> 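Sharing a structure below in structure tokens format, with a few things to ask.
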Amino acid sequence: MINMIQKAKDQAAALTMAAYAAAVADGTLPQAEVKTAPVEIPKDTSNGDYTTTFAMAAAKALHQAPRAIAQALLDHMDLEGSYFTSAEIAGAGFLNFRLNGSWYQGVLEAVESEGTAYGTNDGLQGKKYMVEFVSANPTGPMHMGNARGGVLGDTLAAVLEACGADVSREFYVNDAGHQIDKFAHSIEARYLQIIQGEENVPFPEDGYQGGDIKDLAQAYYDAHGEELLNVSAEERQAKLAEFGLSVNLPKMKSDLQRYKINYDTWFYESTLHESNYVAETVNMLSENGWTYEQEGALWLRTADIMRQNLLKAGKKQEDVEKLDLKDDVLRRANGFYTYFAADIAYHRNKFAVRGFDKVINIWGADHHGHVARLKGALDALDLNGTERLDIVLMQLVKLLRDGEPVRMSKRTGKAIALADLLDEISVDAARWYFNAKPDTQMEFDLGLAVREDSENPIYYVEYAHARICSLLKALAEDGLSVPKQADVDMSVLSSESEIALIKQLSQYCEEIKLAARDYDPSHINRYLQELAACFHRFYNACHIRGEEAHVAAARLKLADDTRIVLKNGLHLIGVDAPEKM
């Protein structure tokens with residue numbers, strides 16, 4: 001878990017603070033309460049690889065000009081044995097550091113020693129996380145929206161694991177409630193139409209009209225004939241819904257497994273109702289004083305909860321009062337609990353029963369209005385939903401084929417199913433493209449996804465890995481194998497493309513941290529594209545064959561370390577690293 005960027009930052013900060021202490025000791029600078037030196041990588045590294053603004057930040061406390069402070073620090077700085085070859089003053093008082101060969105060697109040593117673990121960290125060690133994603137209604141096939149949520153959830157879980165968290169992947173099966181009733185009525189209508197004729201059996205206006213519903217009805221009829229014709233509607237609907245779920249759920253699981261997604265838990269909504277956990281949760285809200293009855297229904301004081309939370313967060317009273325905050329029904333007048341009540345119970349189970357420190361849900365952007373309400377309900381149960389529940393909202397996918405939008409309407413049965421998508425493009429391409437920044441609407445060009453050229457980013461990155469593997473194989477046939485780091489003369493790796501490639505290798509550790517921090521695993525995609533570009537520039541500028549033995553060995557080592565990091569990154573987002581293409 002060696003992060004050479006962090007080590008350089010920490011060392012630059014320590015050198016700066018040691019120089020300040022030395023300047024205070026001989027009276028050059030006054031003693032004052034100053035903060036630890038902040039160190040960053042400047043956007044323009046022509047003046048230095050790392051920089052600190054300590055002199056400017058401490059100017060007020062030390063009553064001196066920033067450049068004078070920076071000069072005093074420079075005069076008292078000892079770089080002996082450090083990662084830096086020099087330090088210099090720039091601009092208004094920046095103190096810039098330039099890296100020496102020991103740092104670059106450290107990067108390659110870290111890649112070699114850590115191998116498949118390179119880039120990981122223990123920042124979330126001891127934390128128990130759940131990532132819940134997809135959670136599609138089991139009333140139809142997996143579709144495009146599920147495809148995006150699936151890869152975002154799975155790759156985010158992988159990124160959190162790479163940061164040391166104990167992560168559980170979960171699918172919430174909505175096998176209860178209104179959508180299952182509609183599912184049952186839809187199959188029933190198609191089943192009766194098979195027996196009695198379409199013209200004699202009306203189809204529900206709000207029913208699911210997809211061809212899959214007809215297929216389910218036909219499959220049941222083929223297996224059981226007319227055995228449900230003369231039973232009660234209630235029994236018929238229950239049997240057909242059970243049959244439909246018995247077909248759809250295994251299909252959903254197999255589609256997701258094909259997509260390289262495997263869940264730790266499939267949690268069924270029905271278990272919450274059967275165990276009276278929903279009723280118990282609603283009773284707890286009532287006992288805490290957060291419910292009231294009106295016209296036979298039980299309501300949650302959602303508006304009061306959200307108003308209280310907004311004021312705690314520092315919102316102005318007058319601004320809060322302008323918001324159109326509304327309460328929510330928990331139990332209808334007919335005695336049935338709402339989906340919101342079940343959702344509160346489900347999330348109470350996550351925290352109170354299973355003890356997750358943090359729960360992350362991947363939702364469609366159309367659920368944004370539900371976020372604060374659910375967090376508030378958990379706050380009302382004293383579960384601190386505001387801090388412990390995080391929602392990642394993902395925007396829609398616009399699918400193109402031959403430059404024309406492909407319509408996606410689950411209601412009319414014209415949705416592009418996940419299985420159909422994976423018949424057109426590779427699983428790797430689907431995972432790569434759907435692992436885009438969650439909060440941006442994306443266009444998925446099916447034509448681009450199958451192109452075998454540098455315009456297709458997944459091909460470009462996988463090709464870089466395959467190119468290195470082919471290079472290693474060819475050189476091995478010439479008797480040249482990858483050397484150990486200890487046997488490499490790092491000083492020969494001094495060209496612009498070599499230095500840039502080593503720096504890019506070091507950045508992988510940072511990108512994993514950023515992806516976990518931002519809940520945005522697309523950091524890894526962007527990183528891999530840049531790493532591939534750095535490698536191709538290096539490969540075109542720096543020959544291995546025909547060079548002196550010590551130069552060839554160093555460059556071969558650099559190429560192999562690049563292969564390792566490319567493979568690590570691709571595997572992190574669930575994409576293969578092919579050895580030939």
Side-chain angles (χ1 to χ4, degrees), residues 133-134 136 140-158 210-212 251-263 362 364 394-410 413-438 440-467 469 520-529 531-533 566-567 569-581:
F133 55 103
V134 179
M142 306 288 293
H143 58 78
M144 287 283 290
N146 307 139
R148 185 174 195 187
V151 73
L152 285 173
D154 194 43
T155 52
L156 176 56
D212 58 294
K251 181 65 166 62
M252 293 172 81
K253 291 181 180 181
S254 65
D255 283 349
L256 287 162
Q257 287 170 346
R258 180 183 177 191
Y259 200 32
K260 301 183 185 178
I261 294 176
N262 293 284
Y263 287 91
I362 312 294
M394 61 175 182
Q395 296 294 326
L396 296 173
V397 178
K398 184 177 181 181
L399 186 68
L400 303 177
R401 183 189 286 118
D402 300 326
E404 295 295 323
V406 179
R407 298 190 181 278
M408 297 180 293
S409 172
K410 192 175 182 183
K414 294 180 182 177
I416 298 298
L418 174 59
D420 294 336
L421 176 70
L422 298 182
D423 287 340
E424 290 200 32
I425 65 171
S426 70
V427 172
D428 283 353
R431 288 190 64 105
W432 176 277
Y433 279 98
F434 281 123
N435 194 39
K437 196 170 176 59
T440 57
Q441 186 168 344
M442 66 171 292
E443 289 190 349
F444 195 141
D445 187 333
L446 290 171
L448 178 60
V450 297
R451 281 175 58 176
E452 296 185 354
D453 59 35
S454 60
E455 294 299 311
N456 181 2
I458 177 59
Y459 179 86
Y460 184 67
V461 173
E462 288 186 326
Y463 175 68
H465 183 269
R467 191 178 201 181
C469 291
D520 178 12
S522 70
H523 276 280
I524 308 303
N525 292 47
R526 293 188 293 275
Y527 168 80
L528 289 171
Q529 281 182 262
L531 178 58
L566 281 168
K567 187 174 183 178
L570 287 167
H571 283 186
L572 185 62
I573 60 173
V575 173
D576 289 341
E579 295 188 3
K580 59 181 180 179
M581 293 178 71

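Because the structure is a prediction, the values reported are computed rather than measured.
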> Show me the side-chain donor-acceptor pairs of residues 569-581 shorter than 3.5 Å, one per line, residues at least two apart or across chains.
{"from": "D576", "atom 1": "OD1", "to": "K260", "atom 2": "NZ", "distance (Å)": "3.2"}

> Would you name the heavy atoms of M144 and F434 that are closest together and state the gap between them?
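Residues M144 and F434, closest heavy atoms: CE-CZ, 3.6 Å.
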
> So L446 and L400, side-chain contact (heavy atoms from CB on, under 4.5 Å) or not? Walk me through it.
CA-CA 6 Å; L446 290 171; L400 303 177; over 6 Å; no

> Hey, does the side chain of D154 reach the backbone of V151 with a donor-acceptor pair shorter than 3.5 angstrom?
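Such a contact is absent between D154 side chain and V151 backbone.
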
> Compare all side-chain heavy atoms of L418 with those of P141 and state whether any distance is below 4.5 angstrom.
no

> Under a 4.5 Å cut-off applied to non-hydrogen side-chain atoms, are W432 and Y459 in contact?
no

> With a 3.5 Å distance limit and no angle check, can you tell me whether S426 reaches the backbone of A429 through a side-chain donor-acceptor pair?
yes

> With heavy-atom distances below 4.5 Å as the criterion, would you say the side chains of T155 and R431 are in contact?
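Yes. Closest side-chain heavy atoms under 4.5 Å.
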
> Under the salt bridge (charged side-chain N to carboxylate O under 4.0 Å, His left out) rule, what pairs show up with a residue in residues 452-462, not counting sequence neighbours?
R451-D453

> Does the side chain of N146 reach to within under 4.5 Å of the side chain of M252, using non-hydrogen atoms?
no

> Determine whether a donor-acceptor pair (N or O, by modelled atom type, separation under 3.5 Å) exists between the side chain of R148 and the backbone of Q395.
yes

> Considering all heavy atoms of both residues, which atom of A436 and which atom of M442 are nearest to each other, and what is their separation?
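What the structure gives for the nearest pair is CB-SD, 4.3 Å.
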
> Restricting to non-hydrogen atoms, name the atom on V461 and the atom on A532 that form the minimum distance, rounded to 0.1 Å.
CA-CB, 4.1 Å

> Using modelled atom types and a 3.5 Å cut-off, is there a donor and acceptor pairing between side-chain atoms of Y433 and backbone atoms of D445?
no

> Considering only heavy atoms from C-beta outward, does the side chain of Y263 approach that of V134 to under 4.5 Å?
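Y263 reaches V134 side chain to side chain.
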
> Could you pull out all residues at least two apart from Y259 that satisfy ring pair (Phe, Tyr, Trp, His ring centres under 6.0 Å)?
none

